[in-house]
Amino acid sequence: MDDRMFRTAMGKFATGVTVIASEVEGQVHGMTANAFMSVSLDPKLILISIDKKARMNEVVKQSNQFTVNILSGDQKEMSMIFAGQIKENKNIEFDTFEGLPVIENSLVSLACNVYQAHEAGDHTLYIGEVINLNVQDGEPLAFYEGKYMQMT
Ligand code: FAD
């Protein structure tokens, strides 16, 4: 099994798309992520997986807090910006929720404290305890076989 085959296999798992956001010393940093899942109802826990080489990993380690913003179908550009797929510098306005940066008009924004962090190969798994959340109506942005998709 080579890396390409592993990536191809994992790409067969259709997901939504999130932007993880956090702030250190007044600097907000965002990163697109689809490695996200719900973990526990009591306490309310979620999990994200961040590449150890990503700048986001250092930011979350330092701030010990982050938000997960589940993107809606019309937020593909946001995903591309925070995945580095759109190169030109865009000035993104973040809203603030529970003192943390969130992406405006996301379907869901979860404000989390880091509950546990586990090293797993070349990624760090962050389990977040959800301290509050916001939900809006709408359709999600989806990702499948390396391509963005709309549900409708
Ligand atoms: P950078 O590459 O420096 O930043 C990412 C981009 O966000 C840059 O273009 C930067 O300019 C922009 N940016 C950051 N903060 C701001 C701001 N405040 N204002 C304006 N622009 C800003 N990687 C994972 O580790 N885990 C995953 O689960 C994951 N899932 C992914 C899912 C999808 C659908 C895609 C497309 C990519 C995914 N990636 C994932 C890859 C990851 O999004 C990229 O590798 C990303 O570039 C890594 O970000 P970074 O923290 O290293 O920072």
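Every number for a ligand or one of its atoms is a count from 1 in the order of the listing.
Using a 4.5 Å heavy-atom cutoff, the side chains of Arg55 and His29 are in contact. For the pair Gln75/Asn105, a side-chain contact is recorded, criterion being any heavy-atom separation below 4.5 Å from C-beta on.
Residues with a heavy atom under 4.0 Å from ligand 1: Val28, His29, Gly30, Met31, Thr32, Ala33, Asn34, Ala35, Ser49, Ile50, Asp51, Ala54, Arg55, Met56, Ile81, Phe82, Ala83, Gly84, Gln85, Lys90, Ile92, Phe94, His123, Phe143, Tyr148.
Taking a 4.5 Å side-chain heavy-atom cut-off between Ile, Leu, Val, Met, Phe, Trp and Tyr, the cluster of Ile103 extends to Val17, Val19, Val28, Leu71, Met78, Met80, Ile81, Phe82, Ile86, Ile92, Phe94, Leu141, Phe143, Tyr148. Val108 belongs to a hydrophobic cluster whose other members, connected by ILVMFWY side-chain contacts under 4.5 Å either directly or through intermediates, are Ile20, Val24, Met31, Phe36, Ile46, Ile48, Ile50, Met56, Val59, Val60, Phe66, Val68, Ile70, Leu107, Leu110, Val114, Tyr126, Val130, Leu133, Val135.
With sequence neighbours left out, Glu77 forms a side-chain hydrogen bond (donor to acceptor under 3.5 Å, both in side chains) with Lys90.
A salt bridge is absent between Glu129 and Lys44; no separation between the charged side-chain nitrogens and carboxylate oxygens falls under 4.0 Å.
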